[in-house]
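Position 1 is the first residue of the sequence; numbering continues from there. Read the numbers this way: they start at 1 and go in the same order the structure lists the ligands and their atoms.
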Amino acid sequence: IFGPDGFLSDEGPLYLRLQAKIRQAVLDGALKPLEALPPERELAASVGVSRVTVRKALEGLVAEGLIEQRHGSGTFVAPPQRKFQQGLSHLTSFTEDMRARGHATTSQWLDRSIGRVTPEEALRLGLSPGEAVARLSRMRRADATPIVVERACVPAALLPDPAAVDGSLYDAMDRLGHRPVRALQRISAENLGAEDAALLGLPEGAAALCMVRVAFDAGGRPVELTQSHYRGDAYDFVAELTVSS
Ligand code: 16G
């Protein structure tokens with residue numbers, strides 16, 4: 001993690017690049033909760049930057065709550081998060097996100113069928129009225145914990161047999177040559193309705209993050225419209241923000 005590999009060739013101030021690299025290692029689980037970071041001097045030497053740069057990067061990470069500095073004993077990755085932390089800058093699947101954190105995923109399927117597209121779905125997916133779509137709805141767990149209720153809609157021309165999707169939808173779409181490579185996503189706050197609350201083991205009206213994703217394949221074709229309700233008490237979405245130049 002702390003070798004002089006690659007990140008020096010990226011754009012932007014050095015301390016921000018170092019900060020981003022350590023942040024990614026924490027979010028990916030390469031650096032574990034409570035793990036000690038090398039002393040400032042060592043870190044500076046192994047990455048090939050000045051101690052001032054290291055200090056500024058670490059200060060930023062302390063402010064983000066990702067690491068903690070204890071007087072006299074050093075710098076540590078913050079204790080385990082009560083919540084899952086999920087970046088917002090990479091297009092990943094739920095299976096990949098959870099695997100990177102060492103969690104196994106299971107699903108309780110609610111629907112895997114072919115139906116007719118609704119007018120709203122037709123607009124978002126660029127389909128004609130009445131075209132067939134595959135619907136895949138499920139409650140997904142990380143280990144034993146219910147995390148999200150997902151309702152996906154995929155043109156049936158691309159996914160004619162939704163019942164064959166067992167684990168990862170993105171793996172299935174990859175095999176069919178339509179792996180999503182770009183997505184637009186909207187996040188809003190919602191209170192869970194009775195059905196989703198029951199599936200997630202929460203009281204009706206509990207806080208949720210609603211994400212609506214439209215994903216496109218390499219050819220620019222919309223291939224997925226998915227609405228996800230993440231339980232608000234289990235998930236944090238984290239994004240890196242920069243000033244536009
Ligand atoms: C994520 C996506 C969802 C996608 C799913 C595929 C968000 C908000 N949603 O949950 O749109 O369908 O991953 O995961 O990130 P899978 O390949 O594990 O089935």
Looking at side-chain heavy atoms only, is the closest gap between His229 and Glu190 below 4.5 Å? yes
Going by heavy atoms in the side chains, are Phe76 and Arg70 under 4.5 Å from each other? yes
Atoms in ligand 1 with a heavy atom of [X] nearer than 4.0 Å:
| X | result |
| --- | --- |
| Tyr230 | 7 (C), 8 (C), 9 (N), 10 (O), 15 (O) |
| Thr95 | 16 (P), 18 (O) |
| Arg138 | 19 (O) |
| Glu224 | 3 (C), 4 (C), 11 (O), 12 (O) |
| Ser93 | 6 (C), 13 (O), 14 (O), 16 (P), 17 (O), 18 (O) |
| Thr226 | 11 (O), 12 (O) |

Structural part of [X] in contact with ligand 1, heavy atom criterion under 4.0 angstrom:
| X | value |
| --- | --- |
| His229 | neither |
| Leu169 | both |
| Ser168 | both |

Salt-bridged, [X] to [Y], with N to O below 4.0 Å?
| X | Y | value |
| --- | --- | --- |
| Asp171 | Arg179 | yes |
| Arg51 | Glu42 | no |
| Arg141 | Glu150 | no |
| Glu40 | Arg55 | yes |
| Arg124 | Glu120 | yes |
| Arg151 | Glu195 | yes |

Counting only nitrogen or oxygen atoms and a 3.5 angstrom limit, does Gln185 reach ligand 1? no
So, is Glu96 polar-close to ligand 1, with some N/O to N/O distance under 3.5 Å? no
Winner among Met211, Arg213, Glu150, Gln227 once heavy atoms are compared against atom 15 (O) of ligand 1: Arg213
Taking the six-membered ring for Trp and the full ring for Phe, Tyr or His, determine whether the centres of Tyr170 and Phe94 are under 6.0 Å apart. no
Any Arg140 heavy atom less than 4.0 Å to ligand 1: yes
Of the protein's non-hydrogen atoms, which lies at the shortest distance from atom 13 (O) of ligand 1, and what is that distance? Phe94 N, 3.0 Å
